[in-house]
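Notes for the one structure printed next.
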Amino acid sequence: MNEEAEVLFERRGVAGIITLNRPKALNALTLGMVRAIHPQLIEWADDPKVHCAVVEAAGDRAFCAGGDIRALYDWGKAGDPTALDFWREEYKLNTFIKRYKKPYVAFMDGINMGGGVGVSVHGSHRVATENLTFAMPETGIGLFPDVGGTYFLPRCSGETGMYLGLTGARLKAADAIYAGVADVYVPSARLDTLKDRLAGGTDPRVALREVAEEEGPAPLSSMQKEIGTHFSKGSVGEIIESLRADGGAWATKTADIIETKSPTSTLIAFRQIREGAGLDFEDCMKLEFRLISRFIEGHDFYEGVRAVVIDKDQSPKWKPATLAEMQAGDVNGYFAPLGADELTLP
């Protein structure tokens, strides 16, 4: 095993173990990692000696903080088709994980955002530890909540998914379980025991019961009335109006947060989440590929990455700059079919 590789693979007993191995980069997902993980999962799916797949990460800070945004920025700016190759192949991997025919156990131990969510939340068994920080922060860099967000966000409890998608709010373990993006709380100190049980052939459901603990109340559960009241509205503008009319500290802060995001991104996120409620997983991923194909031809993604990742001035200059300058129909083109360039899935 090459310890310097970006992703490591190990057969331990009946478990196939994937280790994301870029701890200094918070295990950000690269095209090379996607291209290594997918064929390995195919091989294990067809290997009768492998009963389950486990995905974990090196280091003690992050499971996976997202995709390799800087590389995507550079490719996109240069007009290099490798950018679209990344998203095409990533979305195909997300779909393969969603449809995996064996148990897929994700150890969400640390920061888990964006691309990391795509290789964890679609698995059959999602484990949250005390170190988990879960978020879909894409609207803050001029993107949209992808990697299957179109599917899982509208299926979160109540209007939680719309709240997460528009604000990029961060969740700890209890809230992640409450929202429906994690299944069970396991203290990080017990992950090695869990891995040993899985490798030894214990059914994942039984193994998880052996190590799981109660995480305590979810703060999100006490916010459901407010979230439902505001985030059930018919547009982003109406959500903000509702929050402003409320006038409370949380509502005012939440409206302020949404207004810092790319207006284009928030309009698209709103529509994709509403549409995703009625789509199957594959159609959600095809929709996301339509969206990303248009985003990389636009302005806000590059400006968002510049402001947050490159220059770190945290002052993106969005175009258009405010929601007041936009109408819902302004984003129709993002949702249009791609014809021969549509994402193809099995």
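For the numbers below, each heavy atom of this structure counts, side chains included, while hydrogens, waters and symmetry mates do not.
- Contacts of Arg306 classified as salt bridge (charged side-chain N to carboxylate O under 4.0 Å, His left out), with partners at least two apart in sequence or in another chain: Glu303, Asp311, Asp313.
- Of the possible polar contacts, one joining the Arg22 side chain to the Ala28 backbone as a donor-acceptor pair under 3.5 Å is found.
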Go through the steps to decide whether Phe289 and Leu84 satisfy the test side chain to side chain contact (heavy atoms under 4.5 Å, CB included), and finish with yes or no. CA-CA 9 Å; Phe289 192 70; Leu84 264 187; 3.8 Å; yes
Verify side chain to side chain contact (heavy atoms under 4.5 Å, CB included) between Leu191 and Val127, making sure each step is shown before the conclusion. CA-CA 9 Å; Leu191 290 178; Val127 177; 4.1 Å; yes
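- Across Val147 and Gly114, no two heavy atoms sit closer than the pair CG2-O, 3.3 Å.
- When all heavy atoms of Ala182 and Ala128 are compared, the closest pair comes out as CB-CB, 4.0 Å.
- When Trp87, Phe295, Phe270 are each tested for a ring pair (Phe, Tyr, Trp, His ring centres under 6.0 Å) with Phe144, only one passes: Phe295.
- Glu159 and Arg274 are joined by a salt bridge, as a carboxylate oxygen and a charged side-chain nitrogen come within less than 4.0 angstrom of each other.
- Side-chain contact annotation: Thr19 with Asn21, donor-acceptor N/O pair under 3.5 Å absent.
- Residues Val55 and Val105 have side chains not in contact (no heavy-atom distance under 4.5 Å, counting atoms from C-beta outward).
- Side chain of Asp68 to main chain of Leu29: no donor-acceptor pair is present (N/O by atom type, distance under 3.5 Å, no hydrogens or angles).
- Residues Asn27 and Phe63 are not in side-chain contact: their nearest non-hydrogen atoms beyond the backbone lie 4.5 Å or more apart.
- The pair Arg11-Asp47 meets the salt-bridge criterion, since a charged nitrogen lies less than 4.0 angstrom from a carboxylate oxygen.
- Judged by distance alone, with hydrogens and angles left aside, the side-chain atoms of Lys49 form no donor-acceptor pair with the main-chain N or O of Ala15 at under 3.5 Å.
- Under the 3.5 Å distance criterion, the side-chain polar atoms of Thr30 are matched with a main-chain donor or acceptor of Met33.
- Atoms CD and CD1, from Glu288 and Ile268 in turn, are 12.0 Å apart once rounded to the nearest 0.5 Å.
- In this structure, CD1 in Ile258 is found 5.5 Å from CG in Leu243, a value given to the nearest 0.5 Å.
- In this structure, Glu56 contributes its side chain and Ile18 its backbone to no donor-acceptor pair below 3.5 Å.
- At distances below 3.5 Å, not a single donor-acceptor pair connects side-chain atoms of Asp300 with backbone N or O atoms of Ser262.
- The environment of CZ in Arg205 is sparse: at most 12 heavy-atom neighbours from other residues, nucleotides or ligands sit within 6.0 Å.
- With values rounded to the nearest 0.5 angstrom, Thr82 atom OG1 is found 10.5 Å from Arg88 atom CZ.
- Between atom OG1 of residue Thr266 and atom CD of residue Glu138 there is a gap of 13.5 Å, rounded to the nearest 0.5 Å.
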Evaluate the salt bridge (Lys or Arg N to Asp or Glu O under 4.0 Å) criterion for residues Asp175 and Lys172: first the C-alpha distance (whole Å), next the side-chain angles of each, then the deciding distance (0.1 Å), finally the verdict. CA-CA 6 Å; Asp175 280 339; Lys172 300 301 289 179; over 6 Å; no
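- Listed for the Asn94 side chain is no donor-acceptor partner under 3.5 Å among the backbone atoms of Gly148.
- Counting heavy-atom neighbours within 6.0 Å of Arg294 CZ, excluding the residue itself, gives a total above 12.
- Aromatic ring centres of Tyr104 and His125: separated by at least 6.0 Å.
- Of the N and O atoms on the side chains of Ser293 and Asp341, not one donor lies less than 3.5 Å from an acceptor on the other residue.
- Here the side chains of Ile17 and Phe9 are not in contact, with every heavy-atom distance at 4.5 Å or above.
- Counting heavy atoms from C-beta outward, Arg290 and Tyr334 have side chains that stay 4.5 Å or more apart.
- Tyr100 places a side-chain N or O within 3.5 Å of a backbone atom of Ala45 that can act as its donor or acceptor partner.
- Minimum heavy-atom separation, Gly115 to Cys64: C-SG, 4.2 Å.
- Looking only at side-chain heavy atoms (C-beta outward), Arg61 and Pro23 stay at 4.5 Å or farther from each other.
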Check step by step if salt bridge (Lys or Arg N to Asp or Glu O under 4.0 Å) holds for Asp196 and Arg12. CA-CA 8 Å; Asp196 287 343; Arg12 186 183 304 181; 3.7 Å; yes
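- Summarising the geometry of Pro204 relative to Pro103, their closest heavy-atom pair is CG-CB, 3.7 Å, with the distance given to 0.1 Å.
- Remark: Gln327 CD is loosely packed, at most 12 non-hydrogen atoms of other residues, nucleotides or ligands lying under 6.0 Å away.
- No salt bridge links Lys286 with Glu342; every basic N to acidic carboxylate O contact stays at or beyond 4.0 Å.
- In this structure, Arg271 is positioned above the aromatic face of Phe335, its NZ or CZ under 6.0 Å from the six-membered ring centre and within 45° of the axis.
- When only modelled atom types and interatomic distance are considered, Glu226 and Thr254 share no side-chain donor-acceptor pair under 3.5 Å.
- Environment of CD in Glu214: sparse, with no more than 12 heavy atoms of neighbouring residues, nucleotides or ligands closer than 6.0 Å.
- Between Glu241 and Lys233, no side-chain nitrogen of the basic residue sits less than 4.0 Å from a carboxylate oxygen of the acidic one, so the salt-bridge criterion is not met.
- Ring pair Phe152/Phe134 is perpendicular by interplanar angle, where above 60° counts as perpendicular and below 30° as parallel.
- Phe231 and Tyr163 have their aromatic ring centers within a separation under 6.0 angstrom.
- When side chains are defined from C-beta on, Gln224 counts as touching Ile227, because their heavy atoms get closer than 4.5 Å.
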Which is it for Asn112 and Ser120 under the side-chain hydrogen bond (donor to acceptor under 3.5 Å, both in side chains) test, yes or no, and what are the steps along the way? CA-CA 9 Å; Asn112 189 19; Ser120 57; 3.0 Å; yes
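- Of the charged side-chain nitrogens involved, at least one lies within less than 4.0 Å of a carboxylate oxygen, so that Arg244 and Asp256 count as a salt-bridged pair.
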Go through Leu287 and Asp283 one step at a time and tell me if the side chain to side chain contact (heavy atoms under 4.5 Å, CB included) criterion holds. CA-CA 6 Å; Leu287 173 56; Asp283 283 338; over 6 Å; no
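- Panel note: side chain Thr252, backbone Ala249; no donor-acceptor pair is recorded below 3.5 Å.
- Distance NZ/Lys195 to CG/Leu198: 10.0 Å, rounded to 0.5 Å.
- Between Ile239 and Ser242, the closest side-chain pair of non-hydrogen atoms is not below 4.5 Å.
- Summarising the geometry, atom CZ belonging to Arg190 is positioned 8.5 Å from atom CD belonging to Glu210; distances are rounded to the nearest 0.5 Å.
- Using a distance-only test at 3.5 Å, with no hydrogens or angles considered, no donor-acceptor pair links the side chain of Glu89 to the main chain of Leu31.
- Ion pairing of Lys101 with Asp46 is present here, as a side-chain N (NZ or NE/NH1/NH2) and a carboxylate O approach within less than 4.0 Å.
- Between the side chains of Thr95 and Glu282, not a single donor N or O lies within less than 3.5 Å of an accepting N or O.
- Judged by the 6.0 Å and 45° rule, Arg155 forms a cation-pi pair with Tyr151.
- Across Pro217 and Ala174, no two heavy atoms sit closer than the pair O-CB, 3.7 Å.
- With a 4.5 Å cut-off on side-chain heavy atoms, His230 and Asp246 count as touching.
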